[in-house]
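Below: the structure, in structure tokens.
Labels below follow one simple rule: chain letters A, B, ... track the order of the sequence lines, proteins then strands, and each chain is numbered from 1. Both backbone and side-chain heavy atoms feed into the values below; hydrogens, waters and symmetry mates do not.
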Amino acid sequence: MSDPVENPLREGLARERVPQPCTMIIFGASGDLTKRKLVPALYSLGRDRLLPSAFSVIGVARRDIGDEAFRQSMRESCDKFARRRPVEEALWKTFSDGLFYCNGTFESPDTYTKLKKQLDELDEKRGTRGNRVFYLSTPPNEYPAIISMLGQAGLINRDGDTPFTRVIVEKPFGRDLQSARSLNRTVHDSLRENQTYRIDHYLGKETVQNILVFRFANGIWEPLWNSKYVDHVQLTVAEAIGVEGRGGYFESAGIVRDMVQNHMFQFFCLMAMEPPVAFEAEAVRDEKLKVLRALRLLPSDPKLVAQNVVRGQYSAGAVGGETRMSYRQEKGVAPDSNIETYVAMRLFIDNWRWAGVPFYLRAGKALPKRVTEIAIHFKRAPHAIFPSAAAEIERQPNVLTIRIQPDEGIALNFFSKVPGPTTDVLPVPMEFRYGTSFGAEPPEAYERLLLDCMLGDGTLFTRGDEVEASWTFIDQIEKAWAQSPPTDFPNYASGTWGPDAAEQMLQRDGRAWRRL
Amino acid sequence: MSEAEDRLRLFKKGDAIEVPFTKVESELRALWRHAAEGKPGEPRRPVTRACLWNLIVAVDTQALVEMKALTDHVGRQFPARTILVGPIETHPGEDEGEIYSFVQAHWRAGEAHATGSEQVTLLSTGAAATRLPSLVRSLLVPDAPTAMLWLDTPTHESAVRELTFEVDRLIIDSRSLEREADLDQYDLLSVHSPSLEFADLAWIGISPMRSLAAALFDPPHDPAQLDQLTRVRVTSGIAGTQARALLMLGWLADRLGWHNLRRQKGSAIARRWTATRRHGGEVQVELQTELGGASHGVTGLLLEKESDRWSLRRDTGAIDVTAPGLPMRSQPARSHTNAELVVAALGARGRDPSYREGLRKAIEFLQAHS
Ligand SMILES: NC(=O)c1ccc[n+]([C@@H]2O[C@H](COP(=O)([O-])OP(=O)(O)OC[C@H]3O[C@@H](n4cnc5c(N)ncnc54)[C@H](OP(=O)(O)O)[C@@H]3O)[C@@H](O)[C@H]2O)c1
């Protein structure tokens with residue numbers, strides 16, 4: 001086959017990647033995620049001229065509403081949640097002309113027969129050419145049924161990409177290694193791996209992608225990015241909120257499954273991985289996988305696990321001046337629940353680059369503030385020549401902080417002489433802030449990810465083997481915890497930085513958590 | 001209140017303060033230092049001085065107030081050291097004249113700690129304008145790229161013309177040209193500085209139209225159809241200089257390899273040409289003026305290949321897009337202020353490699369013979 005002719009008008013405009021005509025089918029179209037994120041993100045893409053020239057959306061859910069009611073409800077969500085509000089009439093008209101609804105249960109073959117008919121008609125009427133992106137925004141127990149039914153109904157083109165079929169699967173992808181493996185098997189029965197887009201919306205955040213740019217577009221950091229210069233690394237995902245009415249869901253998950261296995265491990269991998277040969281899906285994901293595979297396994301004795309992994313649950317307290325009930329009082333939570341709302345862990349990556357460097361991770365709810373960051377603590381200068389400043393230098397080494405939210409940016413702390421006749425020193429920050437350096441408003445994470453999937457770019461999605469590797473590690477923790485239930489829950493007050501044991505874990509290493 | 005306190009108060013408010021032109025840097029340093037000091041007894045307040053660009057703004061006396069408002073707006077949006085210089089014209093035989101200078105901060109609100117960037121205004125009288133370039137040079141922040149905003153016709157008489165050879169990006173506005181023929185002034189500049197990046201606000205203004213046109217031929221649509229176009233019409237919704245419409249035609253002609261442009265009989269509101277297509281055959285080209293609708297330099301684009309038609313039509317709030325075999329759709333469109341266009345020109349949009357060639361072809365249309 002000869003190469004397709006390039007579009008000569010694209011030169012100079014090439015940055016704007018516009019996908020091929022397609023239909024996006026959202027399973028779970030009356031759900032919270034569709035309303036708050038998915039459809040507003042699609043509308044915003046349309047506003048930025050990034051949707052394909054021919055594009056439709058079919059929402060699938062149980063309740064019996066028609067196209068018009070669906071459009072009306074999506075209009076309300078876009079007015080409330082789209083990045084640029086309120087919605088613009090002219091665009092809404094075009095966008096909503098392409099919104100359709102298909103009601104039915106996910107378990108019934110009739111739903112898929114109806115859907116297929118509707119899709120074929122739309123391809124004909126709207127020029128979408130059989131290209132389809134299926135988005136599974138449903139309770140996770142529905143994923144296997146939907147994927148199998150799509151296959152059985154002949155809605156998946158497994159061979160080649162004309163027309164293309166892609167499936168986006170929401171988190172959680174499994175709740176342990178066994179269920180993740182089983183889900184991967186179901187997926188691979190119907191789809192090729194490169195048709196499968198496991199979404200982790202953290203990867204859609206600008207600052208998370210900037211970790212790669214910061215590391216690999218600059219020549220100055222890589223020489224320092226290893227055990228020779230790095231003393232330790234701290235990763236924090238602190239949330240000020242509690243479970244916010246999602247108690248029922250949280251009871252079946254806990255913070256490790258909800259936050260660490262997916263989001264936190266993702267940016268941990270980006271921070272620690274080797275340079276990929278290219279910024280493309282397989283190369284980046286190969287390197288992330290190597291990090292997960294090099295994670296040192298935990299000891300099998302639960303007591304020894306406790307020295308490396310600390311769990312916590314919040315009691316009543318106050319966050320930001322507002323009183324907060326304890327986790328066990330939240331709606332949907334058992335009064336004697338042992339589910340963790342906080343975790344701190346000490347990890348090692350057994351490879352050449354990171355030998356002996358501890359990575360301390362902590363994630364928690366009802367902490368004093370919302371902060372997500374990576375802090376790289378560098379080793380001290382090998383010889384102290386400023387005796388009067390020795391204590392200060394000892395207390396605060398050079399730290400490079402990559403702040404993911406809020407106040408997105410990067411700061412480097414170094415010592416500077418305090419003006420005056422003495423050699424007193426003080427740490428000073430050198431800062432880059434997204435908000436002040438770039439006037440442009442960054443797109444929402446879901447906008448970037450939906451666009452990438454339509455374009456067939458899986459770089460910012462997780463691969464099946466990555467998910468299994470992270471569950472392999474997480475399973476050890478869950479197993480040890482199941483063997484020795486906590487005896488001290490709740491063990492930290494809302495509005496504090498977590499249980500004492502988390503502080504002690506670092507103190508034993510002669511270190512301390514950053515005060516944020 | 002002491003004079004120093006009064007100056008600091010003005011600085012914190014973002015107002016301009018007069019300083020001797022030999023002391024611009026030292027005064028700014030002192031003001032930033034004091035701005036970071038809290039009131040006596042209060043802790044120091046962190047203040048960040050941000051700068052991604054040096055932005056030289058060349059101004060005529062008449063436009064001074066207007067340009068000041070524009071740079072104030074840009075300064076708040078985009079961290080740059082803005083150096084406003086004017087008037088830039090010199091006249092032989094003038095007296096030695098004076099340079100007056102002012103400094104001010106552009107503060108960004110709504111942050112936990114204050115971030116500001118700075119503006120220096122340099123005004124000259126008489127022949128002192130000739131000394132402005134050397135002063136500007138001394139005030140550039142090292143290691144930050146330099147852009148120059150020059151919205152008037154870049155005449156040879158201007159004292160700041162020499163700076164165009166030293167900056168990284170020249171921001172111009174061909175919409176403000178009095179005569180279409182002056183487009184070749186930019187071409188002359190571009191010949192003299194091959195590495196200079198041109199960011200023409202007119203070009204940035206038509207980029208939504210250009211990208212919508214390009215999207216019509218993205219896969220799976222066959223771009224080879226572009227080589228078989230038989231008729232192309234660009235419509236303008238304004239009277240006077242048709243820089244945007246000409247650039248749109250220039251862009252199409254360059255990207256589609258049209259050559260041998262010949263002028264055809266037309267009228268002032270419907271100019272016509274014939275061109276030879278890249279792989280042979282003729283295309284009829286038309287620039288039409290149609291007032292009364294959206295007041296924009298390009299309100300329509302029509303591409304025809306036998307019975308197939310692709311069209312973009314802009315009204316006040318949207319661009320309607322039609323193409324063979326696709327449902328009609330509307331894309332919102334609005335007019336952008338100069339300040340918004342300048343902010344865009346300082347970003348990635350200000351670096352468009354296809355501009356120079358598009359400009360050259362636009363000039364070819366103007367100079368074509370029958
Ligand atoms: N919400 C968030 O912010 C968020 C964030 C990250 C990830 N997620 C993940 O995204 C997925 C969706 O979350 P959500 O909060 O949107 O869930 P949700 O509000 O509970 O919505 C579930 C949707 O699935 C439909 N549904 C459920 N069972 C069905 C069945 N048997 N047949 C047909 N339709 C059925 C429901 O339709 P009816 O209403 O018509 O019954 C509803 O549209 C979950 O996997 C969640 O873990 C959500």
Greatest number of non-hydrogen atom pairs under 4.5 angstrom with chain A, of B:P220, B:P353, B:P219, falls to B:P220
Check your understanding: Can the ring centres of B:W258 and B:W251 be said to be less than 6.0 Å apart?
Key -> no
field: Test item: A:Q195 side-chain N/O and A:T165 main-chain N/O as donor-acceptor pair under 3.5 Å
entry: yes
Max heavy-atom pairs within cutoff under 4.5 Å with chain A, candidates B:L326, B:D227, B:L212, B:D218, goes to B:D218
**Message:** I'd like to know if the side chain of A:N218 and the backbone of A:F214 have a donor-acceptor N/O pair within less than 3.5 Å.
**Reply:** yes
Fill in: Parallel, tilted or perpendicular: rings of A:Y43 and A:W92 (30°, 60°)
tilted
One option among B:S207, B:S354, B:S211 has the most heavy-atom pairs under 4.5 Å with chain A, and it is B:S211
Quick one, A:R75 with A:D79, criterion salt bridge (charged side-chain N to carboxylate O under 4.0 Å, His left out). Give me CA distance, side-chain angles, the key distance, then yes/no.
CA-CA 6 Å; A:R75 166 75 196 238; A:D79 273 331; 3.2 Å; yes
Pair count under 4.5 Å, heavy atoms only, with chain B: among A:G127, A:S53, A:P19, highest is A:S53
The interface call for B:D352 against chain A, heavy-atom contacts under 4.5 Å, is side chain
In terms of heavy-atom pairs under 4.5 Å with chain A, the winner among B:A318, B:P327, B:A344 is B:P327
*asked:* Ring centroids only, cut at 6.0 angstrom: are B:F198 and B:W203 within range, meaning strictly under it?
replied: no
One should read off an interatomic distance between A:F164 CZ and A:M454 CE, to the nearest 0.5 angstrom, of 8.5 Å
Most heavy-atom pairs under 4.5 Å with chain B, out of A:D97, A:L51, A:L9, A:V18, belong to A:L9
Looking only at A:E89, A:R129, A:K125, A:R47, the option with the highest number of non-hydrogen pairs under 4.5 Å against chain B is A:R129
Looking only at A:R49, A:K93, A:Q20, most heavy-atom pairs under 4.5 Å shared with chain B are made by A:R49
